[in-house]
A.B. asks: 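A single structure is presented below for examination.
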Amino acid sequence: MVTVTEPRLLVPVDESASLRNTVAYAVDEAISRAGEEREPATIHFVFPLAERISFRNSSSRADAARTLLDRVASWAEEDAKGADITIETALVATHEYLSTPNDYADVLVRYANEHDLGLAVFDPRYDPIGSTPLLPSLEAEVRRAGLTVEEAPRDAEQPSQPLVRRGTLTQFFALFAASFGFYLLLAGSVAPFELATGAISAGIVAVALWRVSLTSPVAPLQTVKRLARFCLYVPFLLWEIVKANVEIAYIVLHPDLPIDPEMVEFDAAVWSALPVTTLANSITLTPGTLTVDVERQHLIIHTLTGSAREDLFAGTLERAVRFVFYGRAAARIPSPFERREEDDA
Amino acid sequence: MTPREIAVVVLVAGGAFFAIVAAVGLVRLPDVYARAHSTSKSETLGAVLTLGAVAASYGIGFNTLKVLLLLLFMFLTNPTAAHAITRAAHELGIEPWTGDEGDEP
């Protein structure tokens, strides 16, 4: 059993906007815990540098990781202000392939056990896989392995994500092609004049926005598949919308106004920005449900009637959205209702 | 009347009906969240049916395509706007009306 005032900390690090903040928090925490226990404080900053297929060669990534660890160590020394604290840094998992939260948790837990560390402090934006929210499941895994887990507080002043990101040439051309196509569609002709003005406009759009509008790498085949499945989704959604409206019309025009509003919350089983957006918008458009707030995949939904709540938890929409973005296999995940029953059991 | 005219009339009538439902709902429903239901759903379908009538009266051509694009944007923006409004209400801490506090709808 780990004591509550464990002064030996494990802090996984990666490039992150809130890293500086997390280091300061970890150092504070270690010193105050050490004070209570009268043991020397120790912090290990670890960087899981997984093997990854990438255009950059791995030694330059290792160098970048080492530079980051050195920077973190110097920040920590600065924050410690001469207090008695041991700071260690390490690159781990340099020859392993890590892809899921479980893999990361295994590596971190192994390191913690080797060095007898009892508390893991996570950066709130720690996300080495990128594009999928990793942190909740990673924390759960590490906690299951017997470590105490804490998340450093978020710094409210930091913007949640930089608007401008690194772009690739594919993104540039994808955006150019989309804008050009749309321009020609609206112009309704392919006369030389339209082609020239369209190319100029699309060029301006692409130059100005290529690092803003497309956030993930473009994968043409996957995009086409998704579009095809999306075309199947649209009639289904339209039907749901018509049903929703007949129901709302009945409720609104009924003399007694038979409503039973309630706020409900659930974690949707979809994993990245675009699917969550699609699901949230679809929920808003369908019977008696309205998405009020979204944080990662946690949705807060206002429901107008009891039957709307049942439909929502039956998960038909969620399943359909998963089908669009991840294919047929992903559609078979249990519905929110079944997941909740599992949690209760 | 030609079949096309009949289709246009039916679509316009449907659009007007749902727009009226949206307006009635806006007045009758008890709080900001419930009202957003009415404005996001009925208003969307009302506008969609009306635009459908426009598309039907144009027949097949580029103008119809543009109307269809308009429809697409309505589908994207209406729920987003409703979401923005209710989210702002939620962040201000406005409690949803549940009907069991004895207050008038």
Side-chain angles (χ1 to χ4, degrees), chain A residues 181-182 184-190 230 233-234 237-265 276-295 299-306 308, chain B residues 14 17-46 48-49 52 61-63 65-66 68-69 71-72 74-91 94-100 104-105:
Chain A
F182 190 62
L184 291 180
L185 190 69
L186 288 186
S189 80
V190 284
F230 192 74
Y233 177 64
V234 167
L237 184 65
L238 277 177
W239 173 240
E240 291 287 321
I241 288 170
V242 171
K243 277 202 314 202
N245 276 284
V246 173
E247 201 179 305
I248 294 282
Y250 169 77
I251 289 168
V252 162
L253 300 178
H254 194 285
D256 295 337
L257 208 62
I259 56 170
D260 173 28
E262 196 185 316
M263 219 48 122
V264 295
E265 303 186 13
V276 172
T277 314
T278 313
L279 179 63
N281 265 7
S282 305
I283 284 174
T284 300
L285 282 171
T286 48
T289 48
L290 180 72
T291 313
V292 172
D293 207 348
V294 183
E295 187 171 344
L299 304 175
I300 300 178
I301 293 160
H302 186 257
T303 53
L304 201 56
T305 60
Chain B
F17 172 74
F18 282 108
I20 290 169
V21 166
V24 172
L26 191 64
V27 175
R28 287 196 71 195
L29 289 169
D31 70 349
V32 59
Y33 301 105
R35 284 179 172 153
H37 279 278
S38 150
T39 50
S40 63
K41 288 181 249 300
S42 310
E43 186 50 40
T44 310
L45 190 64
V48 164
L49 288 176
F62 265 110
N63 287 328
L65 198 61
K66 286 181 197 170
L68 287 181
L69 283 175
L71 280 181
L72 181 69
M74 302 256 351
F75 271 115
L76 292 178
T77 52
N78 261 355
T80 312
H83 167 65
I85 292 168
T86 48
R87 183 188 154 108
H90 184 68
E91 281 178 1
I94 296 174
E95 291 290 318
W97 179 90
T98 50
D100 50 23
E104 282 294 303

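Residue numbers begin at 1 in each chain, while the letters A, B, ... track the order of the sequences.
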A.B. asks: Any donor-acceptor pair under 3.5 Å linking the side chain of R28(B) with the backbone of P255(A)?
C.D. replies: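 Pair found, side chain donor or acceptor close to backbone of P255(A).
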
A.B. asks: Before giving the answer on side chain to side chain contact (heavy atoms under 4.5 Å, CB included), spell out for V48(B) and I241(A) the whole-Å C-alpha distance, their side-chain angles and the decisive distance to 0.1 Å.
C.D. replies: CA-CA 11 Å; V48(B) 164; I241(A) 288 170; over 6 Å; no

A.B. asks: Could you pull out the closest heavy-atom pair between L76(B) and N281(A), with the gap in Å?
C.D. replies: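 Scanning both residues, the minimum pair turns out to be O-ND2, 3.5 Å.
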
A.B. asks: Side chain to side chain contact (heavy atoms under 4.5 Å, CB included) with F17(B): which residues, sequence neighbours excluded?
C.D. replies: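 Partners of F17(B) under the side chain to side chain contact (heavy atoms under 4.5 Å, CB included) test: A249(A), L253(A), V21(B).
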
A.B. asks: State, to 0.1 Å, how close H90(B) and D293(A) come at their nearest heavy-atom pair, and which atoms those are.
C.D. replies: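 Minimum heavy-atom contact is CD2-OD2, 3.7 Å.
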
A.B. asks: Begin from the C-alpha positions of F182(A) and L69(B) and carry the test side chain to side chain contact (heavy atoms under 4.5 Å, CB included) through to its verdict.
C.D. replies: CA-CA 10 Å; F182(A) 190 62; L69(B) 283 175; 3.6 Å; yes

A.B. asks: Under 4.5 Å heavy-atom distance to chain B, tell me which part of L185(A) shows up: side chain, backbone, both or neither.
C.D. replies: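 Backbone plus side chain of L185(A), per the 4.5 Å heavy-atom cut-off to chain B.
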
A.B. asks: In chain order, what residues pass the ring pair (Phe, Tyr, Trp, His ring centres under 6.0 Å) check against Y33(B), with sequence neighbours excluded?
C.D. replies: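 Testing Y33(B) for ring pair (Phe, Tyr, Trp, His ring centres under 6.0 Å), a comparison that skips the adjacent residues, returns H302(A).
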
A.B. asks: What part of I20(B) lies closer than 4.5 angstrom to a heavy atom of chain A: side chain, backbone, both or neither?
C.D. replies: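 No part of it gets close to chain A.
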
A.B. asks: Can you tell me how far the OG1 atom of T86(B) sits from the CD1 atom of I300(A), to the nearest 0.5 Å?
C.D. replies: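 Between T86(B) OG1 and I300(A) CD1, I get 10.5 Å after rounding to 0.5 Å.
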
A.B. asks: With no hydrogens and no angle check, is any side-chain donor or acceptor of N245(A) less than 3.5 Å from a backbone partner on S42(B)?
C.D. replies: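 Side chain of N245(A) to backbone of S42(B): a pair is present.
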
A.B. asks: Which one of T305(A), T284(A), L290(A) satisfies the side-chain contact (heavy atoms from CB on, under 4.5 Å) criterion with H37(B)?
C.D. replies: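 Running side-chain contact (heavy atoms from CB on, under 4.5 Å) over T305(A), T284(A), L290(A) with H37(B) returns exactly one hit, L290(A).
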
A.B. asks: Does any heavy atom of chain A fall under 4.5 Å from the side chain of T44(B), the backbone, both, or neither of them?
C.D. replies: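 The answer is the side chain of T44(B).
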
A.B. asks: Kindly give the heavy-atom pair with the smallest separation between V292(A) and H83(B), and that separation in Å.
C.D. replies: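 What the structure gives for the nearest pair is O-CE1, 3.3 Å.
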
